Amino acid sequence: MEGSEVARIAAWLAARGVVYQCNGGWAVDALVGRQTRPHRDLDVFLDAAAVADAVAWLEHDGYRVAEDWLPVRVELRADGRAVDLHPMRLEPNGDGVQALLDGGSIVHPVASRTIGRVAGFPLVVADAARLIALREGYELRAVDRHDLEVLRSLEAAPNPTGSLSNRDNGVAWTT
């Protein structure tokens with residue numbers, strides 16, 4: 001999955017005012033502002049109300065559903081590109097609540113959203129502390145260990161994207 005494709009998808013979401021955040025490896029690299037490793041996919045957590053439109057847009061672009069575990073997630077793939085969409089029910093305060101396969105749920109707090117950059121384009125991502133927390137509770141792969149090393153170095157340094165509000169860099173989300 002190339003950075004230019006990540007930026008294109010983020011631009012589509014932003015143009016439609018979709019509330020979203022990225023939580024996977026691309027989110028880590030967005031916080032750094034450069035790609036630090038290859039990525040298999042883009043993990044997008046988005047307003048559940050926008051999932052059908054996002055799937056239709058991606059299918060129109062040649063993606064096909066590879067795994068459908070809705071309402072938890074749907075993965076689409078096309079020509080070396082993969083997007084993993086995770087619906088979130090938006091709470092009045094802006095938090096996103098994601099369903100889990102075991103019937104539980106996880107909250108993605110609006111307060112943890114920040115802006116990173118991929119291919120020069122602003123991308124809404126979870127902050128470093130949240131991305132670290134999301135990597136707990138499962139057996140870590142080599143890419144997870146890499147991401148944790150990068151995230152811990154970010155926590156020790158000043159925020160590379162600066163002080164952010166929910167409207168910085170032309171990207172908005174609800175609060």
Side-chain angles (χ1 to χ4, degrees), residues 1-32 34-90 95-108 112-113 115-126 130-148 150-151 171 173:
M1 187 73 170
E2 298 296 323
S4 58
E5 182 69 355
V6 172
R8 191 179 74 84
I9 291 167
W12 186 88
L13 293 166
R16 282 148 189 81
V18 175
V19 175
Y20 78 97
Q21 73 184 54
C22 297
N23 289 346
W26 273 114
V28 174
D29 283 358
L31 288 175
V32 176
R34 64 179 173 78
Q35 188 171 350
T36 66
R37 65 170 178 87
H39 298 278
R40 186 187 74 78
D41 66 0
L42 171 65
D43 293 297
V44 181
F45 295 70
L46 72 161
D47 181 353
V51 170
D53 287 343
V55 168
W57 177 71
L58 289 164
E59 286 181 329
H60 179 69
D61 192 43
Y63 283 85
R64 294 294 171 249
V65 173
E67 291 182 3
D68 184 346
W69 294 352
L70 289 173
V72 175
R73 66 182 276 271
V74 60
E75 182 176 332
L76 297 100
R77 296 184 195 146
D79 304 321
R81 302 173 293 165
V83 180
D84 201 0
L85 301 176
H86 301 264
M88 297 187 302
R89 182 186 77 247
L90 296 180
D95 290 351
V97 180
Q98 177 197 358
L100 299 176
L101 288 172
D102 66 5
S105 63
I106 185 169
V107 175
H108 299 286
S112 295
R113 292 185 197 132
I115 304 294
R117 288 196 170 271
V118 170
F121 192 84
L123 186 71
V124 180
V125 298
R130 180 73 181 142
L131 290 171
I132 288 170
L134 289 170
R135 283 162 175 76
E136 295 174 357
Y138 65 91
E139 188 171 334
L140 298 177
R141 303 164 296 163
V143 293
D144 299 313
R145 288 188 292 279
H146 168 87
D147 289 350
L148 283 169
V150 171
L151 290 166
V171 177
W173 60 82

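On a predicted model such as this, the values are computed, not experimentally measured, just so you know.
- The two residues R40 and M1 have their closest heavy-atom pair at O-CB, 3.9 Å.
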What do the steps show when you test V51 against L46 for side chain to side chain contact (heavy atoms under 4.5 Å, CB included), and what is the final call? CA-CA 7 Å; V51 170; L46 72 161; 4.0 Å; yes

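- Between A126 and R130, the shortest heavy-atom contact is CB-CG, 3.8 Å.
- At least one side-chain heavy atom of L123 sits under 4.5 Å from a side-chain heavy atom of Y20.
- From W69, atom CH2 reaches atom CG of D84 across 9.0 Å, with rounding to the nearest 0.5 Å.
- In terms of heavy atoms, V125 sits closest to G116 at CG2-N, 4.0 Å.
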Walk me through it: do H108 and L134 pass the test side chain to side chain contact (heavy atoms under 4.5 Å, CB included)? CA-CA 10 Å; H108 299 286; L134 289 170; 4.2 Å; yes

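- A distance-only check finds a donor-acceptor pair linking the side chain of R64 to the backbone of E59 [under 3.5 Å].
- Across C22 and L131, no two heavy atoms sit closer than the pair O-CD2, 4.5 Å.
- In this structure, the side chains of H39 and V118 stay at 4.5 Å or more apart for every pair of heavy atoms.
- Taken to the nearest 0.5 Å, the CZ atom of R73 stands 9.5 Å off from the CG atom of D68.
- Taking every heavy atom of both residues into account, V83 and D41 meet most closely at N-CB, 4.5 Å.
- Proximity of L13 to V124: side-chain heavy atoms (C-beta onward) are nowhere separated by under 4.5 Å.
- At distances below 3.5 Å, at least one donor-acceptor pair connects side-chain atoms of R117 with backbone N or O atoms of G120.
- Between G62 and A78, the closest heavy-atom pair is O-CB, 3.2 Å.
- Partners of V72 by side-chain contact (heavy atoms from CB on, under 4.5 Å), not counting sequence neighbours, listed by chain and number: A99, L101.
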Report the C-alpha distance between V150 and L31 in whole Å, list the side-chain angles of each, state the deciding distance to 0.1 Å, and finish with yes or no for side chain to side chain contact (heavy atoms under 4.5 Å, CB included). CA-CA 9 Å; V150 171; L31 288 175; over 6 Å; no

Between H86 and N23, does the side-chain hydrogen bond (donor to acceptor under 3.5 Å, both in side chains) criterion hold? Intermediate values first, please. CA-CA 10 Å; H86 301 264; N23 289 346; over 6 Å; no

Begin with the C-alpha distance, continue with both residues' side-chain angles, and end with the deciding distance and a verdict on side chain to side chain contact (heavy atoms under 4.5 Å, CB included) for V28 and H146. CA-CA 10 Å; V28 174; H146 168 87; 6.0 Å; no

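- The distance from the CD1 atom of I132 to the CG atom of D144 is 12.5 Å, given to the nearest 0.5 Å.
- For the side chain to side chain donor-acceptor pair (under 3.5 Å) condition, the pairs that include at least one residue of residues 1-15, sequence neighbours left out, are E5-R8, E5-Y63, E5-R81, R8-D61.
- Atom CZ in R145 sits 13.0 Å away from atom CZ in R135 (nearest 0.5 Å).
- Annotation: the span from L90 atom CG to D95 atom CG amounts to 9.0 Å, rounded to 0.5 Å.
- Within the structure, no pair that satisfies the salt bridge (Lys or Arg N to Asp or Glu O under 4.0 Å) test touches residues 42-53, not counting sequence neighbours.
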